[in-house]
K.L.:
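Handing you a structure now.
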Amino acid sequence: MSNTTPDFTERLLIDAGIREGMRVLDVGCGSGDVTYLLARLVGSTGEVVGADHDANALSIARQRTAPPHHAHPTFIESDLLGLAESLGVFDAIVGRRVLMYQADTVAAVRALAQYLRPGGTIVFQEHDTTLVPASLDGFLLHKRAQGWIQHMIEREGADLHIGFNLHRIFTQAGLAVEAVRGECLIQTSSSPYALGHIVRACLPRILAHGAATAEEVEVETLQARLDEERTQSQGIYIGDMIFGAWAKKSH
């Protein structure tokens with residue numbers, strides 16, 4: 001997280017109305033990046049619950065340190081469609097890169113809305129991989145690395161156009177859309193980006209789905225080679241297109 005400018009996720013959550021004292025559910029929380037951001041936003045008087053089906057990711061999340069003077073998030077092992085009724089209702093439900101993996105996105109949002117109080121907010125951030133990568137310069141290694149991730153996501157059955165579908169999904173789920181926004185992730189010679197580390201984290205999935213071989217990736221030197229390519233260029237490389245949207249549950 002930047003010390004000066006909040007990133008897309010933080011701005012999205014703040015603009016959607018996430019604030020102190022709220023009770024918030026983070027679905028598909030993984031190792032807790034968004035969950036702990038939410039803990040900071042809701043403060044000591046709020047409550048955050050993170051839910052994910054991956055026990056290993058939840059183990060990492062539970063070991064992290066909450067922001068000072070904030071309540072520590074609660075983490076539960078659960079599928080998005082298998083949440084317990086005992087969780088009660090929330091002021092907001094949040095997810096990042098989650099809907100893209102749901103077989104029936106409308107049904108998923110409709111099911112989540114049952115855990116939302118009347119007037120509550122659902123916020124999702126999803127990424128569209130069909131508009132990128134884009135550059136007037138070469139960035140050949142960047143484009144290759146981006147391609148490995150895109151092919152992995154596609155072979156996992158994700159919706160590559162999910163960003164374009166957010167408004168429709170929320171509307172068909174019976175929610176009132178308040179805003180949809182999009183933002184390009186731009187890299188320049190002076191703006192470092194951890195694409196190589198992302199590939200490293202995804203490497204088992206990349207290999208499992210045949211998106212690339214270990215010899216092609218050369219993961220141990222990948223980040224250094226990407227940094228060299230980026231710093232030697234005077235151009236701009238657009239590596240990702242981020243969409244965010246929020247909607248309200250009617251009273």
Side-chain angles (χ1 to χ4, degrees), residues 1 7-10 12-13 23-42 47-67 71-88 90 92-105 107-116 122-127 129 148-160 162-163 169 194-212 214 217 219 240 242-244:
M1 199 70 64
D7 73 351
F8 182 92
T9 304
E10 185 170 355
L12 176 68
L13 296 175
R23 185 169 193 255
V24 184
L25 173 65
D26 178 19
V27 292
C29 66
S31 58
D33 289 350
V34 176
T35 321
Y36 284 92
L37 168 58
L38 287 166
R40 179 159 58 82
L41 294 178
V42 304
E47 180 186 357
V48 180
V49 177
D52 201 283
H53 64 84
D54 187 335
N56 292 329
L58 290 174
S59 177
I60 296 170
R62 292 186 178 106
Q63 294 173 29
R64 297 174 64 167
T65 304
H72 198 284
T74 300
F75 292 96
I76 59 172
E77 186 175 344
S78 174
D79 290 327
L80 186 150
L81 296 177
L83 295 167
E85 290 185 17
S86 59
L87 281 175
F90 295 85
I93 297 174
V94 172
R96 184 169 73 178
R97 299 188 78 131
V98 172
L99 283 184
M100 63 192 294
Y101 289 105
Q102 302 305 310
D104 187 333
T105 51
V109 172
R110 193 178 286 130
L112 286 174
Q114 298 177 38
Y115 297 87
L116 202 62
I122 282 185
V123 191
F124 272 99
Q125 175 181 324
E126 301 289 339
H127 294 218
T129 66
W148 299 331
I149 295 173
Q150 179 170 345
H151 292 148
M152 175 199 76
I153 293 171
E154 185 174 20
R155 292 169 188 179
E156 289 177 337
D159 178 4
L160 301 183
I162 187 67
I169 292 165
L195 178 57
H197 299 301
I198 293 171
V199 170
R200 179 189 288 272
C202 294
L203 189 59
R205 293 157 61 197
I206 290 172
L207 300 179
H209 289 283
V217 175
V219 71
D240 211 346
I242 311 170
F243 282 85

K.L.:
What residues form a side-chain contact (heavy atoms from CB on, under 4.5 Å) with A208, not counting sequence neighbours?
P.N.:
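With neighbours one apart ignored, the set is empty.
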
K.L.:
Nearest heavy-atom pair of C29 and G50: which atoms, and what distance?
P.N.:
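So the two residues come closest at SG-C, 3.6 Å.
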
K.L.:
Which atom names give the shortest non-hydrogen contact between A211 and H151, and what distance separates them?
P.N.:
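Scanning both residues, the minimum pair turns out to be CB-CB, 3.9 Å.
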
K.L.:
If you apply the rule side chain to side chain contact (heavy atoms under 4.5 Å, CB included), what do you find for L112 with F124, and how did you get there?
P.N.:
CA-CA 12 Å; L112 286 174; F124 272 99; 3.8 Å; yes

K.L.:
Counting only heavy atoms from other residues, nucleotides and ligands, does the tally under 6.0 Å from NE2 of H53 exceed 12?
P.N.:
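For H53, atom NE2 is not crowded (no more than 12 foreign heavy atoms under 6.0 Å).
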
K.L.:
What residues, two or more places apart in sequence or in another chain, satisfy ring pair (Phe, Tyr, Trp, His ring centres under 6.0 Å) together with F75?
P.N.:
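Ring pair (Phe, Tyr, Trp, His ring centres under 6.0 Å) check on F75 returns Y36.
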
K.L.:
Could you pull out all residues at least two apart from L116 that satisfy side-chain contact (heavy atoms from CB on, under 4.5 Å)?
P.N.:
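Once residues adjacent in sequence are excluded, the partners of L116 under the side-chain contact (heavy atoms from CB on, under 4.5 Å) criterion are I93, I122, K249.
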
K.L.:
Report the residues that fulfil salt bridge (Lys or Arg N to Asp or Glu O under 4.0 Å) with R110, sequence neighbours left out, ordered by chain and then residue number.
P.N.:
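Per chain and number, R110 pairs via salt bridge (Lys or Arg N to Asp or Glu O under 4.0 Å) with no residue.
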
K.L.:
Per the salt bridge (Lys or Arg N to Asp or Glu O under 4.0 Å) rule, what does the pair list look like for residues 194-211, sequence neighbours excluded?
P.N.:
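Output for this query lists E156-R205, R200-E220.
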
K.L.:
Please list, chain by chain and in numerical order, all residues satisfying side-chain contact (heavy atoms from CB on, under 4.5 Å) with L160, sequence neighbours excluded.
P.N.:
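Result, side-chain contact (heavy atoms from CB on, under 4.5 Å) vs L160: T129, T130, Q150, I153, E154.
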
K.L.:
Can you name the side-chain hydrogen bond (donor to acceptor under 3.5 Å, both in side chains) partners of Q125, sequence neighbours left out?
P.N.:
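With sequence neighbours excluded, Q125 shows a side-chain hydrogen bond (donor to acceptor under 3.5 Å, both in side chains) to T9, H127, given in chain and number order.
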
K.L.:
The criterion is side-chain hydrogen bond (donor to acceptor under 3.5 Å, both in side chains); which residues satisfy it with T74, sequence neighbours excluded?
P.N.:
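Not a single residue meets the side-chain hydrogen bond (donor to acceptor under 3.5 Å, both in side chains) criterion with T74.
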
K.L.:
What are the two closest heavy atoms between E77 and A55, and how far apart are they?
P.N.:
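Between these two residues, the closest heavy atoms are OE1-CB, 3.7 Å.
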
K.L.:
Can you tell if the side chain of T105 reaches within under 4.5 Å of the side chain of I162, non-hydrogen atoms only?
P.N.:
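Of all side-chain heavy-atom pairs linking I162 with T105, at least one is under 4.5 Å.
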
K.L.:
Shortest non-hydrogen contact from A84 to Y115?
P.N.:
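In this case the closest contact between A84 and Y115 is O-CE2, 3.3 Å.
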
K.L.:
Could you report the tightest heavy-atom contact between L25 and F90, atom names first, then the distance?
P.N.:
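For L25 and F90, the tightest heavy-atom pair comes out as N-CD2, 3.5 Å.
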
K.L.:
Under the ring pair (Phe, Tyr, Trp, His ring centres under 6.0 Å) test, which residues partner F8, sequence neighbours left out?
P.N.:
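Partners of F8 by the ring pair (Phe, Tyr, Trp, His ring centres under 6.0 Å) criterion come out as none, since no residue qualifies.
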
K.L.:
Could you note down all residue pairs passing salt bridge (Lys or Arg N to Asp or Glu O under 4.0 Å) where residues 48-64 supplies at least one of them, sequence neighbours left out?
P.N.:
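Sorted result for residues 48-64: D33-R64.
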
K.L.:
Considering residues at least two apart in sequence or located in another chain, which fulfil the salt bridge (Lys or Arg N to Asp or Glu O under 4.0 Å) criterion with D240?
P.N.:
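Counting only residues at least two positions away or on another chain, D240 forms a salt bridge (Lys or Arg N to Asp or Glu O under 4.0 Å) with R97.
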
K.L.:
Applying side-chain hydrogen bond (donor to acceptor under 3.5 Å, both in side chains), name anything that partners Q63, two or more places apart in sequence or on another chain.
P.N.:
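Result, side-chain hydrogen bond (donor to acceptor under 3.5 Å, both in side chains) vs Q63: S59.
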
K.L.:
If you apply the rule side chain to side chain contact (heavy atoms under 4.5 Å, CB included), what do you find for L87 with I76, and how did you get there?
P.N.:
CA-CA 10 Å; L87 281 175; I76 59 172; 3.7 Å; yes

